[in-house]
Amino acid sequence: MPQNDNFYTLKGYSLLEHTKITSSMEDYLEMIYRLSQDNQPVRIKELAECLHVKPSSASKMTGNLRKQGLVGFEKYGTVSLTTDGKELGEYLLFRHQILTRFFCYVNQKNDDLEQVEKVEHFIDPETVYNIQKWLDKFA
């Protein structure tokens with residue numbers, strides 16, 4: 001069997017990417033983007049309720065997103081997206097919607113939220129856009 005030096009563990013691939021945003025941070029940013037689409041202020045309590053976490057957890061994670069330059073945030077106040085945060089949040093919601101369409105089509109379901117949530121953080125943008133092209137053509 002030929003030796004292949006390109007295999008890594010999941011953690012190994014993550015380290016190669018040098019990303020500063022975690023899967024959890026993506027979930028929070030996507031939800032902040034969803035909640036901010038009606039141009040209403042996003043409150044920590046509302047964010048926590050939507051993600052089924054404690055307000056203190058939402059506050060801490062939002063502080064981490066602020067350090068990354070993705071949100072503006074006053075402790076226990078409202079959260080607003082920066083330009084970079086809006087751009088990334090828009091992509092994260094798009095990715096979620098494309099994968100939802102794909103899994104619902106493939107699995108013949110009306111909703112496949114759990115499946116999408118489990119895999120969305122591991123698919124690169126090229127694949128997401130190719131899935132979109134495939135769906136637009138065949139589904």
Side-chain angles (χ1 to χ4, degrees):
M1 184 169 148
Q3 187 175 9
N4 188 333
D5 294 332
N6 294 327
F7 287 96
Y8 296 91
T9 64
L10 181 58
K11 178 74 172 176
Y13 284 113
S14 293
L15 292 171
L16 287 174
E17 289 178 8
H18 304 292
T19 57
K20 293 183 179 181
I21 184 165
T22 66
S23 298
S24 293
M25 291 168 95
E26 286 184 351
D27 288 336
Y28 277 84
L29 191 60
E30 180 186 330
M31 186 56 69
I32 294 166
Y33 182 79
R34 285 174 186 264
L35 294 170
S36 67
Q37 286 187 309
D38 63 3
N39 293 320
Q40 295 296 315
V42 177
R43 301 203 176 283
I44 290 296
K45 182 180 180 196
E46 179 185 22
L47 178 60
E49 287 172 357
C50 289
L51 292 172
H52 303 284
V53 299
K54 293 178 182 178
S56 59
S57 297
S59 183
K60 181 176 180 182
M61 184 60 79
T62 306
N64 291 337
L65 290 170
R66 181 181 58 199
K67 289 177 188 172
Q68 297 294 326
L70 299 170
V71 301
F73 166 63
E74 295 298 324
K75 195 168 186 177
Y76 301 110
T78 59
V79 181
S80 59
L81 294 165
T82 63
T83 302
D84 288 343
K86 273 185 190 169
E87 187 177 303
L88 183 52
E90 181 178 27
Y91 168 75
L92 295 173
L93 180 56
F94 167 78
R95 177 183 71 185
H96 183 93
Q97 292 168 334
I98 292 298
L99 292 175
T100 298
R101 280 181 59 204
F102 178 72
F103 284 120
C104 287
Y105 178 81
V106 168
N107 296 325
Q108 302 284 303
K109 292 182 176 181
N110 290 328
D111 184 22
D112 214 349
L113 178 62
E114 183 177 347
Q115 175 102 308
V116 172
E117 288 297 327
K118 288 179 178 177
V119 303
E120 68 184 346
H121 306 288
F122 304 104
I123 295 181
D124 64 35
E126 178 184 19
T127 303
V128 172
Y129 288 111
N130 285 331
I131 290 171
Q132 178 194 25
K133 287 178 194 173
W134 185 88
L135 285 168
D136 290 347
K137 195 171 189 178
F138 297 109

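For the single chain, residues carry numbers from 1 onward in sequence order.
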Participant: Checking side-chain contact (heavy atoms from CB on, under 4.5 Å) for the pair E30/R34: CA distance, chi angles, key distance, verdict?
Facilitator: CA-CA 6 Å; E30 180 186 330; R34 285 174 186 264; 2.9 Å; yes
Participant: When you group the ILVMFWY residues by side-chain heavy-atom contacts below 4.5 Å and let the links chain together, are Y129 and L93 in the same group?
Facilitator: yes
Participant: Just so I know, are the side chains of Q68 and I21 near enough to count as touching, which here means a heavy-atom distance under 4.5 Å?
Facilitator: no
Participant: Rounded to the nearest 0.5 Å, how far does CD of E26 lie from CE of M31?
Facilitator: 13.5 Å
Participant: Between Y33 and Y28 (judged by ring centroids, cut-off 6.0 Å), do the two rings come close enough to count as a pair?
Facilitator: no
Participant: I need the E114 CD to F103 CZ distance, nearest 0.5 Å.
Facilitator: 12.0 Å
Participant: Does the side chain of L35 come within less than 4.5 Å of C50's, by heavy atoms?
Facilitator: yes
Participant: Do F102 and L135 touch side chain to side chain, with heavy atoms closer than 4.5 Å?
Facilitator: yes
Participant: Considering non-hydrogen atoms only, spot the tightest contact between T62 and V79 and give its length.
Facilitator: CG2-CG2, 3.6 Å
Participant: What I'd like to find out is whether the side chain of D27 reaches to under 4.5 Å of the side chain of H121, using heavy atoms alone.
Facilitator: yes
Participant: Ignoring hydrogens, what is the shortest heavy-atom contact between M25 and N64? Give both atom names and the distance.
Facilitator: CE-O, 3.7 Å
Participant: Rounded to the nearest 0.5 Å, how far does CD of E117 lie from OG of S23?
Facilitator: 10.0 Å
Participant: State plainly whether one hydrophobic cluster holds both F94 and L113, where clusters connect Ile, Leu, Val, Met, Phe, Trp and Tyr through side-chain heavy atoms under 4.5 angstrom apart.
Facilitator: no
Participant: Could you tell me whether Y105 and W134 have their ring centroids closer than 6.0 angstrom?
Facilitator: yes
Participant: Checking side-chain polar atoms at under 3.5 Å, does D124 have a donor or acceptor matched by the opposite partner on T127?
Facilitator: yes
Participant: Would you say Q37 has more than 12 foreign heavy atoms packed within less than 6.0 Å of its CD?
Facilitator: yes
Participant: Compare all side-chain heavy atoms of L70 with those of K86 and state whether any distance is below 4.5 angstrom.
Facilitator: no
Participant: Between the side chain of S36 and the main-chain N/O of I32, is any donor-acceptor distance below 3.5 Å?
Facilitator: yes
Participant: Mind checking the NZ-OG1 spacing from K109 to T100? Nearest 0.5 Å is all I need.
Facilitator: 12.0 Å
Participant: Identify the two heavy atoms, one from P55 and one from I44, that lie closest to each other, and give their separation to 0.1 Å.
Facilitator: O-CG2, 3.5 Å
Participant: Go through the steps for S80 and V42 under the test side-chain contact (heavy atoms from CB on, under 4.5 Å), then give the verdict.
Facilitator: CA-CA 7 Å; S80 59; V42 177; over 6 Å; no
Participant: Mind checking the CG-CD spacing from L99 to Q97? Nearest 0.5 Å is all I need.
Facilitator: 10.5 Å
Participant: Could you check if a side-chain atom of L29 sits within less than 4.5 angstrom of a side-chain atom of L81, using non-hydrogen atoms only?
Facilitator: yes
Participant: For D38 and Q40, indicate whether the former's side chain and the latter's backbone hold a donor-acceptor pair under 3.5 Å.
Facilitator: yes
Participant: Under 4.5 Å between any side-chain heavy atoms of F73 and S59, yes or no?
Facilitator: yes
Participant: Look up atom CG in L88 and atom CG in L92, then write down how far apart they are to the nearest 0.5 Å.
Facilitator: 4.0 Å
Participant: Any idea which heavy atoms bring G69 and T82 closest together, and the distance?
Facilitator: O-OG1, 2.7 Å
Participant: In this structure, are over 12 heavy atoms from other groups packed under 6.0 Å from E87 atom CD?
Facilitator: no
Participant: Knowing that exactly one of R101, H96, R95 qualifies, which makes a side-chain contact (heavy atoms from CB on, under 4.5 Å) with I98?
Facilitator: R101
